[in-house]
Amino acid sequence: TTLIITNVSTSCGCTAAVEDKKEIPPGGSGIVKATYHTKGRPGHATKIITVTSNDPVNPGYQMKLDMTVVRDIDIQPDKVYFYNTQHGQAQTVTVTILGKPKLPLKILSAQSNGVVTVLATTPNNEQATHRHGATIQIAVPATQPIGNFTDTIKVQTNYKKKPEIDIDVLGEVIGKFTFSPHS
């Protein structure tokens with residue numbers, strides 16, 4: 001009998017899937033096209049696509065989409081958070097920037113807009129994975145006043161596709177007493 005597809009769904013909003021035909025005759029075939037939105041999602045991922053149909057044996061057929069996203073430039077973490085930083089105490093975070101395997105990525109400079117401080121930029125070459133880049137030490141100074149703050153680290157690279165990278169920095173310096181909620 002004719003297979004009637006009633007729904008195609010995915011396991012999360014980062015994946016979309018659509019069928020090319022709602023009805024497939026006996027002996028026919030159809031295509032389910034899936035798209036995974038990789039922005040902000042490097043590394044390994046597994047997503048499930050469920051095709052619901054009138055099939056009496058398997059009315060909810062599941063397909064597994066298994067992948068590893070490799071970016072040209074991988075930033076870990078891709079955003080820096082300095083929350084619950086005690087007033088009068090400095091806090092430091094390390095960010096690692098690596099190019100894809102065999103990409104000779106060099107970090108030329110890293111500068112903040114003035115709230116946080118870039119303490120050091122150290123070349124980082126992973127021999128086992130053939131990845132090159134740097135680690136960047138970012139600090140909130142002990143003199144940062146109480147309250148929320150934002151900043152951006154501007155990173156200059158030798159990579160023509162992405163010569164400048166912005167790393168968002170968000171944080172909050174707290175005093176001896178905190179109020180929750182803030183207002």
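In this chain, numbering begins with 1 at the start of the sequence shown.
- Note: N124 CG to I107 CD1 = 10.0 Å, rounded to the nearest 0.5 Å.
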Pair M63-V32, side-chain contact (heavy atoms from CB on, under 4.5 Å): steps then yes or no: CA-CA 10 Å; M63 298 180 279; V32 174; 4.0 Å; yes
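- Remark: N113 CG to T152 OG1 distance equals 5.0 Å, nearest 0.5 Å.
- Considering every non-hydrogen atom in both A139 and T92, the closest pair reads CB-OG1, 3.9 Å.
- A side-chain donor-acceptor contact under 3.5 Å links R131 to the backbone of G99.
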Working for side-chain contact (heavy atoms from CB on, under 4.5 Å), residues L105 and I73: CA-CA 8 Å; L105 180 69; I73 298 175; 4.0 Å; yes
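- Side-chain contact of D55 with Y61: a donor-acceptor pair under 3.5 Å is absent, judged by distance alone.
- For N158 (side chain) and K106 (main-chain N/O), a donor-acceptor pair under 3.5 Å exists by modelled atom type.
- With respect to the salt-bridge test (charged N to carboxylate O, under 4.0 angstrom), the residues D72 and K162 do not qualify.
- Side-chain atoms of D151 come within 3.5 Å of backbone N or O of V115 as a donor-acceptor pair.
- Under the salt bridge (Lys or Arg N to Asp or Glu O under 4.0 Å) criterion, E126 pairs with no residue, sequence neighbours left out.
- One hydrophobic cluster holds both V69 and L65 under the rule that ILVMFWY side chains link at heavy-atom gaps under 4.5 Å.
- Side-chain heavy atoms closer than 4.5 Å link hydrophobic residues (I, L, V, M, F, W, Y) into clusters, and following such links, possibly through other members, connects I75 to V116.
- Within 6.0 Å of the NZ atom in K100, the count of heavy atoms belonging to other residues, nucleotides or ligands does not exceed 12.
- With hydrogens and angles ignored, the 3.5 Å screen pairs a side-chain donor or acceptor of N54 with a backbone N or O of T2.
- For the pair N125 and G133, the tightest heavy-atom approach, listed with the atom from each and the gap, is OD1-N, 4.2 Å.
- Transitive grouping of hydrophobic side chains (ILVMFWY, heavy atoms separated by less than 4.5 Å) keeps I48 and Y36 in distinct clusters.
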Chi angles and distances behind the side-chain contact (heavy atoms from CB on, under 4.5 Å) call for H44, D66: CA-CA 8 Å; H44 182 262; D66 192 55; 2.8 Å; yes
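- The structure places CG of L103 at 8.5 Å from OG1 of T157, a figure rounded to the nearest 0.5 Å.
- Side-chain contact between Q62 and I49: absent, with no pair of heavy atoms (C-beta onward) separated by less than 4.5 Å.
- Both F149 and V95 are part of a single hydrophobic cluster, where members link through side-chain heavy atoms under 4.5 Å apart.
- Note that the CD atom of E19 and the CD1 atom of I5 stand 5.5 Å from one another [nearest 0.5 Å].
- Distance check, rounded to the nearest 0.5 Å: CD1 of I138 to OG1 of T117 gives 10.0 Å.
- Residue I153 is not grouped with residue Y83 when hydrophobic side chains (ILVMFWY) are merged at heavy-atom distances under 4.5 angstrom, including chains of intermediate members.
- One N or O on the side chain of T10 and one on the backbone of T15 form a donor-acceptor pair closer than 3.5 Å.
- Between the side chain of K176 and the main chain of H87, no donor-acceptor pair closer than 3.5 Å is present.
- Across all non-hydrogen atoms, the minimal contact from L3 to S53 is CD1-OG, 3.4 Å.
- For the residue pair T121 and A134, the shortest heavy atom distance occurs at CG2-CB, 4.0 Å.
- Looking at every heavy atom in both residues, K154 comes nearest to E164 through CD-OE2, 3.6 Å.
- Although no hydrogens or angles enter the test, the distance criterion places no donor-acceptor pair under 3.5 Å between the side chain of T50 and the main chain of S9.
- Separation of atoms OG1 (T46) and NZ (K64) is listed at 5.5 Å; rounding is to 0.5 Å.
- Between K47 and C12, the shortest heavy-atom contact is NZ-SG, 3.6 Å.
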